[in-house]
Amino acid sequence: MHSVRVHDKNFELYLPESQILARVQAMAEQINADYQGEDVLLLPILNGAYIFAADLIRSLEFQPSLQFVKISTYGDSMTSSRQVRDSFGLNKLKVKDRHVLIIEDIIDTGFTSGYLRAYLTQQAPASVKVATCLYKPDAFKGKTKPEYVGFEIPDFFVIGYGLDYAQKGRELRGIYKPEEKNE
Ligand code: IMP
Ligand code: MG
């Protein structure tokens, strides 16, 4: 499927499934090398990261623990006025002295992962890092860049592979970007 309409917009294929899976495998190999023999807690952020997390975890060669967390933010993504509206799973986490790897679908401003990083760091984990499928360096306003990045992409809105446009498009196997000519 090279082109798809979601709500009011046309999207075209940007990263095909085969390219994503090859890249996720390469990321997993790097993570395997870095975390060999450690006690690792994976924290995928719902909703978007569930597909990336499922592919990544099945290529890991150690035995991580896994806990999904949810963080919803509101506010203007272009300014630093964003706030956390809602979260779940955070207060149950036991991270002291453990290696924590946050798993994101996409890092845009970096607000969500930055918030979680700061929250966890207060609880004295052995380490906190971020693995993201997609990263928009031009939109990033955070302090610490993600340690593991699948693809750096320009600052446009993408869907598919777990990512949604107003809750639609998560099921697409590839990653899609807006068509140049929309309407
Ligand atoms: P951040 O807090 O600005 O880094 O944004 C992170 C969250 O915004 C992601 O986890 C996504 O849920 C959402 N998001 C940011 N950019 C996109 C995009 O291009 N497509 C779909 N969702 C996005
Ligand atoms: Mg998300």
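For the numbers below, each heavy atom of this structure counts, side chains included, while hydrogens, waters and symmetry mates do not.
- Atom NE2 of H7 has more than 12 heavy atoms from other residues, nucleotides or ligands within 6.0 Å.
- Considering only heavy atoms from C-beta on, E38 comes within 4.5 Å of H99 through its side chain.
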request  = Starting from the C-alpha separation in whole Å, work towards a yes-or-no answer on side-chain contact (heavy atoms from CB on, under 4.5 Å) for F52 and I103.
outcome  = CA-CA 8 Å; F52 172 52; I103 301 184; 3.5 Å; yes
request  = Check the pair Y161, I20 against side-chain contact (heavy atoms from CB on, under 4.5 Å), reporting the backbone distance first and the verdict last.
outcome  = CA-CA 9 Å; Y161 198 63; I20 301 167; 3.6 Å; yes
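- Between the CD atom of E171 and the CD1 atom of I51 there is a distance of 8.5 Å, given to the nearest 0.5 Å.
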request  = Kindly indicate, with the supporting measurements, whether the criterion side-chain contact (heavy atoms from CB on, under 4.5 Å) is fulfilled by I31 and F62.
outcome  = CA-CA 10 Å; I31 292 168; F62 54 94; 4.1 Å; yes
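- Pairing each heavy atom of N32 with each of S59, the nearest pair is ND2-O, 3.2 Å.
- Taking CG from L163 and CG from L134, the interatomic distance works out to 6.0 Å, rounded to the nearest 0.5 Å.
- Between D164 and F157, the shortest heavy-atom distance links the atoms O-CZ, 3.4 Å.
- Here S87 contributes atom OG and Y115 contributes atom OH; the two are 5.5 Å apart, rounded to the nearest 0.5 Å.
- With 3.5 Å as the limit, one finds no donor-acceptor pair spanning the side chains of E104 and S113.
- Although no hydrogens or angles enter the test, the distance criterion places no donor-acceptor pair under 3.5 Å between the side chain of R23 and the main chain of C133.
- Contact annotation: the side chain of F140 approaches that of I107 to within less than 4.5 Å [non-hydrogen atoms, C-beta and beyond].
- Ring-centre distance between Y14 and F156: below the 6.0 Å cut-off.
- Taking the six-membered ring wherever Trp is involved, the centroid distance between the rings of Y135 and F151 does not fall below 6.0 Å.
- Taken from CG in L66 to CG in L42, the straight-line distance is 6.0 Å, to the nearest 0.5 Å.
- For the residue pair Y50 and D105, no side-chain donor N or O sits within less than 3.5 Å of a side-chain acceptor on the partner.
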task = Under the side-chain contact (heavy atoms from CB on, under 4.5 Å) rule, what do L43 and L93 come out as? Steps first, then yes or no, please.
result = CA-CA 10 Å; L43 291 185; L93 297 176; 3.7 Å; yes
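- Distance check: K129 NZ to R117 CZ gives 9.5 Å after rounding to the nearest 0.5 Å.
- The backbone N or O of P125 lies less than 3.5 Å from no partner atom in the side chain of D97, so there is not a single donor-acceptor pair.
- Checked by atom type, the side-chain pair D8/Y165 shows a donor-acceptor distance below 3.5 Å.
- Counting heavy atoms from C-beta on, the side chains of Y148 and Q30 come closer than 4.5 Å.
- You'll find the side chain of V4 stays beyond 4.5 Å of the side chain of N10, heavy atoms only.
- Between L116 and V69, the closest side-chain pair of non-hydrogen atoms falls below 4.5 Å.
- The shortest distance between side-chain heavy atoms of L90 and L120 does not fall below 4.5 Å.
- With contacts defined as side-chain heavy-atom distances shorter than 4.5 Å, the pair E12/K177 qualifies.
- Side-chain contact, S65 with R98: a donor N or O sits under 3.5 Å from an acceptor N or O.
- Side chains of V149 and V130 form no contact here, defined as non-hydrogen atoms less than 4.5 Å apart.
- F11 and V6 make their closest contact through CE1-CB, 4.0 Å (heavy atoms, listed as atom of the first residue, atom of the second, distance).
- For the atom pair CG of L21 and CG of L56, the computed distance is 11.5 Å after rounding to the nearest 0.5 Å.
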